[in-house]
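Remember, predicted model here, so these are calculated numbers, not experimental data. Letters A, B, ... are given to chains in the order of the sequence lines, protein chains preceding strands, and every chain is numbered from 1.
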There are 2 protein chains.
Amino acid sequence: MSVQERKERERAARERLIVATARELAEQQGWDAVTTRRLAERIEYSQPVLYSHFRGKREIIGAVALQGAAEMAAAVRATASAADGPRNRVTAVAHAYLDFAERNPAVYDAMFQLDGGLTFAAEDTPEPLKDGFAALLENLGEVAGDGVHPGLFTEVFWAALHGLATLTRAGRLPPAEAERRVELLVGRLAVA
Amino acid sequence: MSVQERKERERAARERLIVATARELAEQQGWDAVTTRRLAERIEYSQPVLYSHFRGKREIIGAVALQGAAEMAAAVRATASAADGPRNRVTAVAHAYLDFAERNPAVYDAMFQLDGGLTFAAEDTPEPLKDGFAALLENLGEVAGDGVHPGLFTEVFWAALHGLATLTRAGRLPPAEAERRVELLVGRLAVA
DNA sequence: ATTTGGATCCTAGCACCGCTAGACAAGTGA
DNA sequence: TCACTTGTCTAGCGGTGCTAGGATCCAAAT
């Protein structure tokens with residue numbers, strides 16, 4: 001059985017290599033540059049090998065997105081736990097979110113702009129995605145205010161952050177005043 | 001000179017036909033289905049004709065985006081002018097914006113998700129885009145609150161609407177509670 | 001030790017994409 | 001009527017995601 005186990009290990013390692021390489025290539029040159037040919041060449045296998053791990057390019061994007069969701073959840077939790085008081089936590093979460101989006105634009109695209117074939121807001125939503133939302137909920141729910149459902153509040157806050165992240169990065173908003181926009185958003189939405 | 005004028009008229013008409021057909025096709029089957037071949041076939045000309053009007057597919061997307069921006073600005077102004085009181089106007093604007101995004105998903109994509117080669121937030125930004133932002137500013141600026149720059153407030157409000165629009169349509173947010181999210185957003189952000 | 005069978009991987013190719021060079025026809029002015 | 005410009009089309013380039021079918025290699029069975 002040892003032989004089979006080794007093969008499975010190697011196969012899993014190659015799958016991780018594919019995802020990591022796709023992510024790396026996307027961050028370096030954008031998702032348009034992530035073609036199945038280039039990706040195959042980088043991992044030093046032929047194209048069809050990709051399709052023995054994933055149904056297609058979409059699923060590779062989805063895998064990068066899941067990895068990103070887990071990292072973002074961790075980043076949010078780490079920043080939030082270092083802040084004291086609900087209000088400071090909210091500010092910290094907002095910054096952690098926007099920083100992640102800015103520092104990992106390709107991963108952020110995989111999560112929210114591209115079609116990774118992932119299901120959101122449903123029962124069969126993959127765990128990392130649910131957990132990413134949970135990380136926001138944990139820290140934002142406490143400033144939802146009386147009579148406001150924490151989940152709903154988190155959705156609105158998240159949507160606002162998402163809007164800021166995407167519009168800023170696409171050049172729709174001047175980056176200079178980013179910090180003041182965050183302050184305004186947190187100041188108005190969060191009920192201390 | 002009359003012959004030349006007629007030709008110019010016909011040429012302008014054909015250009016409008018291209019944009020209208022691209023938009024129609026995108027709304028019917030999504031932007032992925034808008035290929036230069038299919039588009040050429042629908043307007044009953046060959047592919048190269050498209051390139052005598054536009055530099056490429058990107059510019060066609062941009063033309064649809066500009067058309068959409070003008071329509072959205074008109075929709076926002078029309079809805080806002082029918083509401084009395086600053087607060088009602090803000091709610092009306094939010095609904096007009098989200099309705100437009102929901103009813104014209106392909107146009108909204110052309111404006112904000114796809115690359116139409118347009119410049120935003122700069123001097124050489126095309127007029128319809130500036131005017132679209134102006135339409136928001138006119139109605140949102142009055143509820144920015146003391147000491148808050150109306151432009152900055154509008155940017156934040158717009159970002160929030162954009163986040164709601166995109167996340168909802170991409171299935172990231174359950175559509176059921178859309179109305180309550182708008183209420184929460186307007187209630188918190190707008191200073192009466 | 002040899003053979004066999006199955007897993008693994010690659011070469012080659014399909015249909016499609018955005019885009020363009022160059023041939024061809026149609027209409028204009030002399 | 002003839003030359004010429006203008007407009008349009010056919011054909012094709014290099015690229016895309018994806019897959020069929022054959023070659024190879026290696027573990028298990030004889």
Legend entry - Pairs flagged by side chain to side chain donor-acceptor pair (under 3.5 Å) wherever residues 88-97 of chain B is involved - sequence neighbours left out: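 Matches after skipping sequence neighbours: B:Arg89-B:Glu142, B:His95-B:Glu179, B:Tyr97-B:Tyr108, B:Tyr97-B:Trp158.
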Inset, instruction - Please work out which residues in residues 108-117 of chain B have a non-hydrogen atom less than 4.0 Å from an atom of DNA chain C and list them by number. - result: none
[X]: side-chain contact (heavy atoms from CB on, under 4.5 Å) partners, not counting sequence neighbours:
{"X": "A:Leu137", "answer": "A:Pro150, A:Thr154"}
{"X": "B:Arg14", "answer": "B:Arg11, B:Tyr45, B:Val49, B:Ser52, B:His53"}
{"X": "A:Ala110", "answer": "A:Trp31, A:Ile61, A:Val64, A:Ala65"}

Legend entry - B/S/- contact track for nucleotides 4-17 of chain D, protein heavy atom under 4.0 Å: ----SBB-B---BB
Without decimals, in angstroms, what is the distance between [X] [atom1] and [N] [atom2]?
{"X": "B:Leu50", "N": "C:dC17", "atom1": "CG", "atom2": "P", "result": "13 Å"}
{"X": "B:Glu10", "N": "C:dA26", "atom1": "CD", "atom2": "C1'", "result": "14 Å"}
{"X": "B:Leu39", "N": "C:dG18", "atom1": "CG", "atom2": "C1'", "result": "12 Å"}
{"X": "A:Glu15", "N": "C:dT8", "atom1": "CD", "atom2": "C1'", "result": "16 Å"}

Inset, instruction - Sort and list the pairs that fulfil salt bridge (charged side-chain N to carboxylate O under 4.0 Å, His left out) and have at least one residue in residues 61-81 of chain B, not counting sequence neighbours. - result: B:Arg23-B:Glu71, B:Arg77-B:Asp131, B:Arg77-B:Glu138
Inset, instruction - Quick one: which residue pairs count as a salt bridge (charged side-chain N to carboxylate O under 4.0 Å, His left out) with a foot in residues 102-111 of chain B, not counting sequence neighbours? - result: B:Asp109-B:Arg169
Inset, instruction - Take atom CG of B:Asp146 as the centre, draw a 6.0 Å sphere, and report whether it contains more than 12 heavy atoms from other residues, nucleotides or ligands. - result: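 Atom CG in B:Asp146 is not crowded, with 12 or fewer foreign heavy atoms closer than 6.0 Å.
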Legend entry - Test side chain to side chain donor-acceptor pair (under 3.5 Å) applied to B:Gln28 - qualifying residues, sequence neighbours left out: B:Arg42
